[in-house]
Amino acid sequence: METCRLTFAANSGFAVEFGSLRFLVDAFPAAEVPGFSHLTPARWKSLQTHPAFRNPDFILNSHNHVDHYDPERTAQARHLWPKSRLLSPDPEIFPDLLLSGRSGRFQARDVSVRFFQLPHDGKSFADTRNYGFLLEKNSRRMLFTGDCAIASPDLAQFLEGRHVHLAVLNFPWLTLRSGREFTDRFLQPEHIALCHLPFPEDDTFHYLEASRRDAARYGQGKDIRLFSSFLQTESFLL
């Protein structure tokens with residue numbers, strides 16, 4: 001068994017402690033988007049000194065939409081934590097590893113990191129380069145999908161039968177039937193971390209209410225945890 005810990009920033013942003021490594025995934029959303037939350041200047045200042053976010057080994061960006069990514073905050077993070085390595089599909093910020101092509105893999109100490117291109121949800125974002133990440137230690141796997149299209153065959157093809165122990169998913173994967181059916185068939189996770197949810201004070205479209213309702217219906221016998229508060233921390237035994 002392996003233990004991992006997730007600490008929530010905002011939207012789909014996390015600090016991830018897994019094995020001997022710390023990852024920040026889509027952790028710097030700075031822009032205000034109606035119905036969602038972001039890192040205000042005060043939250044950003046607090047995050048910089050929080051122990052879960054300090055001195056990450058890797059900073060991972062799934063794609064360059066403003067609700068997941070901010071180039072200025074990313075540059076500040078690289079200045080704060082110069083030993084961290086940045087993986088991003090945005091060439092303009094000169095990442096240590098430019099995410100390109102369909103997929104790739106590397107070993108970082110005791111954790112294997114795979115990245116793979118996935119279609120962004122919504123026809124209007126068909127040209128967006130969105131990447132997922134699969135972190136693995138001792139055959140225990142953690143999946144991040146960015147803003148992958150719900151029930152994408154590309155995700156099923158990439159996994160090729162690999163069992164996922166913790167799936168970090170945007171909330172429509174639970175609230176939409178197609179997402180639930182795909183998750184049960186291809187992911188079969190023991191744990192689901194549900195994100196892309198607003199903080200309660202920003203929940204103008206009642207996404208939290210719908211997600212809580214469907215988690216109660218669908219989640220019998222499953223470990224489903226909703227992330228909707230700044231610096232919320234949850235530990236998982238994989």
Side-chain angles (χ1 to χ4, degrees), residues 4-17 22-54 56 59-77 80 120-122 124-125 128 130 142 144-148 150 166-176 179-180 183 191-219 222-236:
C4 75
R5 184 165 64 176
L6 300 181
T7 302
F8 192 47
N11 204 36
S12 293
F14 288 94
V16 182
E17 296 168 78
R22 176 174 295 144
F23 301 84
L24 303 188
V25 183
D26 289 348
F28 313 131
E32 294 187 54
V33 177
F36 294 99
S37 302
H38 68 291
L39 292 182
T40 62
R43 289 176 184 145
W44 170 234
K45 184 177 180 181
S46 178
L47 181 146
Q48 292 175 50
T49 59
H50 192 279
F53 288 85
R54 285 202 308 261
I59 299 172
L60 309 180
N61 292 333
S62 65
H63 63 294
N64 64 1
H65 285 174
V66 295
D67 57 340
H68 287 251
Y69 164 78
D70 180 78
E72 183 177 345
R73 294 268 175 91
T74 302
Q76 292 173 18
L80 283 170
H120 193 287
D121 198 34
S124 60
F125 300 120
T128 299
N130 176 75
M142 186 187 322
F144 296 82
T145 62
D147 275 353
C148 176
I150 305 301
L166 168 59
V168 182
L169 300 172
N170 291 345
F171 71 88
W173 286 83
L174 181 69
T175 58
L176 296 178
R180 295 193 298 269
T183 300
H191 312 276
I192 296 175
L194 211 63
C195 62
H196 217 307
L197 287 163
F199 303 146
E201 62 269 24
D202 299 321
D203 190 21
T204 56
F205 300 121
H206 306 291
Y207 293 141
L208 276 171
E209 178 184 345
S211 298
R212 290 184 180 125
R213 179 196 65 222
D214 289 341
R217 292 175 179 173
Y218 168 70
K222 297 180 174 66
D223 177 24
I224 302 175
R225 307 189 208 180
L226 277 61
F227 283 81
S228 60
S229 60
F230 180 55
L231 300 180
Q232 176 184 345
T233 300
E234 301 279 350
S235 294
F236 300 83

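Computation of the quantities below employed the complete heavy-atom set of this structure, encompassing side-chain atoms and omitting hydrogens, waters and symmetry-equivalent molecules.
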Problem - Thr74 OG1 to Asn61 CG distance, which is reported to the nearest 0.5 Å - result: 5.0 Å
Completion exercise
Between Leu166 and Ala193, the two heavy atoms sitting closest are CD1-N, 4.0 Å
Handout entry: Distance flag, aromatic centroids of Phe8 and Phe14, threshold under 6.0 Å
Key = yes
Problem - N/O donor-acceptor pair under 3.5 Å between Arg22 side chain and Glu17 backbone - result: no
Practice task
For residues Phe53 and Leu80, determine if any side-chain heavy atom of one lies less than 4.5 Å from a side-chain heavy atom of the other.
Solution key: no
Handout entry: Glu201 atom CD: more than 12 heavy-atom contacts under 6.0 Å
Key = yes
Exercise for the section: List the atom of Pro198, the atom of Gly35, and the distance in Å for their closest heavy-atom pair. Expected result: CB-O, 3.4 Å
Problem - From CA spacing to verdict: side chain to side chain contact (heavy atoms under 4.5 Å, CB included), Ser228, Arg212 - result: CA-CA 11 Å; Ser228 60; Arg212 290 184 180 125; 4.3 Å; yes
Exercise for the section: Taking all non-hydrogen atoms of both residues into account, name the closest pair between Ala77 and Ile59 and its distance. Expected result: CB-CD1, 4.1 Å
Problem - Heavy-atom closest pair, residues His68 and Ser62 - result: ND1-OG, 4.0 Å
Problem - Whether Asp26 side chain and Tyr69 backbone form a donor-acceptor pair below 3.5 Å - result: no
Practice task
Would you confirm whether Arg180, through its side chain, and Asp214, through its main-chain N or O, come within 3.5 Å as a donor-acceptor pair?
Solution key: no
Problem - Leu194 CG to Ser211 OG distance, which is reported to the nearest 0.5 Å - result: 5.5 Å
Practice task
State whether the side chain of Glu209 and the backbone N or O of Asp203 hold a donor-acceptor pair below 3.5 Å, judged by distance alone.
Solution key: no
Practice task
Establish, for the pair Arg43 and Phe199, whether the NZ or CZ atom is under 6.0 angstrom from the six-membered ring centre and no further than 45 degrees off its axis.
Solution key: no
Problem - Close aromatic pair by centroid cut-off 6.0 Å: Phe125 and His65 - result: yes
Exercise for the section: Drop me the distance from Cys148's SG to Leu169's CG, to the nearest 0.5 angstrom. Expected result: 9.5 Å
Fill in the blank from the handout: Scanning both residues in full, the closest heavy-atom pair of Thr49 with Arg54 reads O-NH1, 2.5 Å
Exercise for the section: Report, as yes or no, whether the 6.0 Å neighbourhood of atom CD on Gln48 holds more than 12 heavy atoms from other residues, nucleotides or ligands. Expected result: yes
Exercise for the section: To the nearest 0.5 Å, tell me how far Phe171 CZ sits from Leu208 CG. Expected result: 9.0 Å
Practice task
Give a yes or no answer on whether the side chain of Ser235 reaches the backbone of Thr233 with a donor-acceptor pair at less than 3.5 Å.
Solution key: no
Handout entry: Interatomic distance, Asp121 atom CG to Leu176 atom CG [nearest 0.5 angstrom]
Key = 8.5 Å
Exercise for the section: Quick one: closest heavy-atom pair of Leu226 and Ala215, and the distance? Expected result: CD1-CB, 4.1 Å
Problem - Distance (rounded to the nearest 0.5 Å) between Arg225 CZ and Cys195 SG - result: 14.0 Å
Problem - Ser46 side chain vs Ala42 backbone, donor-acceptor pair below 3.5 Å - result: no
Exercise for the section: Would you check if the side chain of Asn130 reaches a backbone N or O of Thr145 as a donor-acceptor pair within less than 3.5 Å? Expected result: yes
Practice task
Kindly indicate whether the side chain of Asp223, heavy atoms from C-beta on, has any atom under 4.5 Å from the side chain of Phe236.
Solution key: yes
Exercise for the section: With the side chain counted from C-beta on, respond yes when Asp147 and Asp67 share a heavy-atom pair under 4.5 Å apart, and no when they do not. Expected result: yes
Practice task
Report the relative orientation of the aromatic rings in Tyr207 and Phe205; use parallel for angles under 30°, tilted for 30 to 60°, perpendicular for over 60°.
Solution key: tilted
Practice task
Describe, in one word, how the ring planes of Phe36 and His196 are oriented to each other, choosing from parallel (under 30°), tilted (30 to 60°) and perpendicular (over 60°).
Solution key: perpendicular
